[in-house]
Amino acid sequence: MNLVWIKNDLRFEDNPALYAAVNDKNPFVILYFENESMPLKTRKNKMGAASWFLYQQLIDFQNECQKWGVPFVYIRELTPKKLTEIITQLKIEKVFYNESICPTYISVQKQIDSLLGKQKVQTFAKVGPNLIEWENHRTQTGQVFQVFTPFWKALWKNRHLVSVPLQDARKVSHRQKITSDDLNIGDSISESDFYDSVPAGQPWYSHMAETQTVGERAALKRLKKFIQNGLSHYKTARDIPSVEGTSRISMDLARGSLSLRTAWHSVLDSVELNSKGEIKDSNHEQFLKELCWREFATYVLYHFPDSCEKSLKLNYEKLDWENSPKKFKAWTRGQTGYPIIDAGMRQLWTTGWMHNRVRMIVGSFLVKDLNIEWQKGAAWFLDTLLDADLANNSLGWQWVAGCGVDAAPYFRVFNPILQGEKFDPDGSYVRHWVPELKHLNKEFIHKPWEAPDNVLKAAKIELGKNYPLPLVDHSTAREEILSLFKSLKK
DNA sequence: TGAAATGTTGGGGCG
DNA sequence: ACGCCCCAACATTTC
């Protein structure tokens, strides 16, 4: 018998390990396990919302396996002893898995490889979820890319190397001689393995449970819907948080219910080139670039595994951040007094997702206005985002803090009022997520403290009572952070 | 995938 | 008619 180790790749389409298993003569079981080394379980990277998503994925995947007639084994806490038992009991000959480059997974993979090696079990690490192979993806001088644009250009030039997604493994005919009933191993998937159940009242995930679809079928549906309806005006619509202008597949890609290659090829299929060989439709190009940003993020984390903890510009680590717990709490709760920030943070808490434009604004605000180190914001995002992804998250936060590869320069400070007025001009995003400000007109919706008393009164707003006064003054905070950075240059 | 400060220009009011 | 000033509007520099 063979075994397929599934981890962050709970899908049937474009799953190289599963595909290899169905094409092997032996029957196989699919194993999913957790233990203290797995990313979702490490205390360092608490991923609460993502764990909720994962639980739903597992239930869905288990059902699909049952329909398919392939045994799916879930192990709550995999120990070396337990693994040995499984290997012996099922007479496992070969193990297939998709290779992950996430630092935490790498360590688990090494453990598994060495354990299985001792058992004389052959392991087959299949190509991971990336678009291209990275060791040889280098600049002309042989360096690791540290700037996005040349990375993108080189990838685009080599796009013929991006393999076509493998078909749904269930469509490959194979003879399975066992079913789950024949096995007497594994645990039942329990909610409490993934998140704390809430005894009474509204649980934190209630909005997600009502509105968020999860699983491979849902992922493919989201992608298809975006390609049909959203792609043709992606380039401009993607920047307006009140508009459903983005694909929303980030969580499917991050959690592995959709492969990046599937998303890539679904766009590439309709791409046309002009006479110069450029992509005709800039919407197509923009979306492919965004997918490429994900590739870039994983590539950077692969080459700089420390970058999820430490600033790549090492002198940032010497900065003396204020790190005020009070300010941090106000930020997480969406109580900073800056409407666009509060709207974003509340959208994040409620839905497990935040519009990308707003992620940049709240990130800049945390680091540069509240004077809090990026790692604190990164940890909060990992814990609250359904699409929490170590590579993307680290890249994004280092970018906004100005200490990563291809980062925004330190002096680039987003103005939360101007950003609000530019990207949420009528204030409808703010009004949706900050209902206290529902009746405020668009002139003051991004700066309620400047509204005259009669306007505030008419809008039923009492600043400091039912909506906070600004936690900090932006222009003062800007001056302060710039002088802090200046001290660094000396 | 910025914003603020500073510099330049040109039209119009006005003595 | 002319020079002067003011100040948008735009451009450039700086953080």
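The chains referred to below are lettered A, B, ... by the order of the sequence lines, with proteins before strands, and numbering in each begins at 1.
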Point to revise | Ion pair check, A:Lys280 and A:Glu285, cut-off under 4.0 Å | key: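 Between A:Glu285 and A:Lys280 there is no salt bridge, as every charged N stays at least 4.0 Å from the carboxylate O atoms.
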
Check your understanding: Salt bridge check: are A:Asp387 and A:Arg359 linked by an N-O gap of less than 4.0 Å?
Key ->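 Judged by the 4.0 Å cut-off on N to carboxylate O distance, A:Asp387 and A:Arg359 do form a salt bridge.
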
Review point. What heavy-atom pair brings A:Pro416 and A:His474 nearest, and what distance separates the two atoms?
Key: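 The pair with the smallest heavy-atom distance is CD-ND1, 3.6 Å.
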
**Study point:** Pairwise side-chain contact, A:Lys221 with A:Thr213, heavy-atom cut-off 4.5 Å (strictly under)
**Key:**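 No - every pair of side-chain heavy atoms lies 4.5 Å or more apart.
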
Practice item. May I ask you to check if A:Arg159 and A:Trp156 form a cation-pi contact, with NZ or CZ under 6.0 angstrom from the six-membered ring centre and within 45° of the axis? Key: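 Yes, A:Arg159 and A:Trp156 form such a contact.
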
Between N or O atoms, less than 3.5 Å apart, protein on one side and nucleotides 1-4 of chain B on the other: list the pairs.
from: B:dT1; atom 1: O2; to: A:Arg357; atom 2: NH2; distance (Å): 3.4
from: B:dG2; atom 1: OP1; to: A:Arg412; atom 2: NE; distance (Å): 2.6
from: B:dG2; atom 1: OP1; to: A:Arg412; atom 2: NH1; distance (Å): 2.2
from: B:dG2; atom 1: OP1; to: A:Arg412; atom 2: NH2; distance (Å): 2.7
from: B:dG2; atom 1: OP2; to: A:Arg412; atom 2: NH1; distance (Å): 3.1
from: B:dG2; atom 1: O5'; to: A:Arg412; atom 2: NE; distance (Å): 3.4
from: B:dG2; atom 1: O3'; to: A:Gln419; atom 2: NE2; distance (Å): 3.1
from: B:dG2; atom 1: N2; to: A:Phe411; atom 2: O; distance (Å): 3.0
from: B:dA3; atom 1: OP1; to: A:Asn415; atom 2: N; distance (Å): 3.4
from: B:dA3; atom 1: OP1; to: A:Gln419; atom 2: NE2; distance (Å): 3.0
from: B:dA4; atom 1: OP1; to: A:Asn415; atom 2: ND2; distance (Å): 2.8

**Study point:** Worked check of ring-ring contact (aromatic ring centres under 6.0 Å, His included) between A:Phe287 and A:Trp264
**Key:** CA-CA 9 Å; A:Phe287 189 66; A:Trp264 174 268; 9.6 Å; no

Check your understanding: Taking the six-membered ring for Trp, are A:Phe151 and A:Phe148 parallel (under 30°), tilted (30 to 60°) or perpendicular (over 60°)?
Key ->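 A:Phe151 and A:Phe148: tilted rings.
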
Review point. Of all the base pairs, Watson-Crick or G-U under 3.5 Å, which form stems of three or more consecutive pairs involving DNA chain C?
Key: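 DNA chain C stems, ordered by first number: B:2-15 with C:2-15.
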
